[in-house]
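Okay, so here's the structure we're looking at.
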Amino acid sequence: NSPKEARGKVMGGTPAHSATSGELDIYAAHCKVLRLLEADIAEPSNATYNGMTVPLHPRIVLSPKFATTFAEAEAKLAGKSAIHATQRSVLLLDGEDIVVESLKLDGALIVRAVPGARVVIKGAEVTNDGWDWVAIDEDQQDAPEVDRIRGFQVVRGEQQEFDFREPGEYTIEGVL
């Protein structure tokens with residue numbers, strides 16, 4: 001739906017089915033998976049994009065390479081509360097053999113791994129300025145169309161990024 005149609009649906013009490021809600025629903029779903037696995041994921045705050053107040057969860061993306069099922073995600077988290085993520089956190093896990101034993105996240109962390117690269121995240125603490133989801137007006141012509149449709153731009157500040165491009169054994173640990 002267009003932003004205007006989405007606002008009308010929300011005002012009528014039905015789901016927006018818009019670019020805004022669609023993207024944010026992905027984050028919510030991934031947060032829910034982690035919460036069901038007893039990770040400590042902060043609750044959402046409310047944000048307003050394209051005139052719609054929506055829940056803004058931590059921006060967590062579990063790529064299909066990381067896990068496509070609950071059981072796959074469960075196998076990659078080493079028990080209760082393997083992940084602690086604040087509301088403003090951004091987490092991307094993109095690789096088939098990434099395991100999280102313990103992670104405290106307050107900011108942005110991106111972990112990518114090629115097939116054959118085993119990555120273990122243990123005792124890692126990541127704190128940085130992270131990324132911001134900045135509201136923009138759908139009529140803001142200097143913004144890319146995709147951002148106007150979503151109602152926000154992602155402003156990438158600081159992030160910690162690991163990109164393992166060669167097979168092998170890797171560990172991410174310590175204060176980063």
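On a predicted model such as this, the values are computed, not experimentally measured, just so you know.
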Sub-4.5 Å side-chain heavy-atom contact between M52 and M11: no

Test salt bridge (charged side-chain N to carboxylate O under 4.0 Å, His left out) applied to E96 and K76, step by step: CA-CA 9 Å; E96 61 190 33; K76 295 183 179 192; over 6 Å; no

Cationic N near anionic O, under 4.0 Å, R156 to E161: no

Side-chain heavy-atom pair L56, L24 within 4.5 angstrom cut-off: yes

Parallel, tilted or perpendicular, as decided by the 30° and 60° cut-offs, for the rings of W133 and Y27: perpendicular

E43 vs R35 side-chain heavy atoms within contact, under 4.5 Å: yes

Partner set under ring pair (Phe, Tyr, Trp, His ring centres under 6.0 Å) for F66, not counting sequence neighbours: none

Linked, directly or transitively: V126 and V100 (ILVMFWY side chains, under 4.5 Å): yes

same_hphob_cluster(F162, V120) at 4.5 Å side-chain heavy-atom cutoff: no

4.5 Å side-chain heavy-atom contact, L34 and L77: yes

R118 side chain near Y170 side chain, heavy-atom distance below 4.5 Å: no

NZ/NE/NH1/NH2 to OD/OE distance under 4.0 Å, K104 and D106: no

Distance in Å, S18 OG paired with K9 NZ, rounded so as to fall on 0.5 Å steps: 9.5 Å

Step-by-step salt bridge (charged side-chain N to carboxylate O under 4.0 Å, His left out) determination, E138 to K4: CA-CA 9 Å; E138 66 188 282; K4 181 180 177 180; over 6 Å; no

Results of side chain to side chain contact (heavy atoms under 4.5 Å, CB included) for I26 - residues two or more places apart only: H30

Cluster check L103, V99: I/L/V/M/F/W/Y, side chain < 4.5 angstrom: no

Hydrophobic cluster membership, V33 vs L105, 4.5 Å side-chain cutoff: yes

ILVMFWY network linking L92 to I98, side-chain heavy atoms under 4.5 angstrom: no

CG-OG1 distance between L176 and T127, expressed to the nearest 0.5 angstrom: 9.0 Å

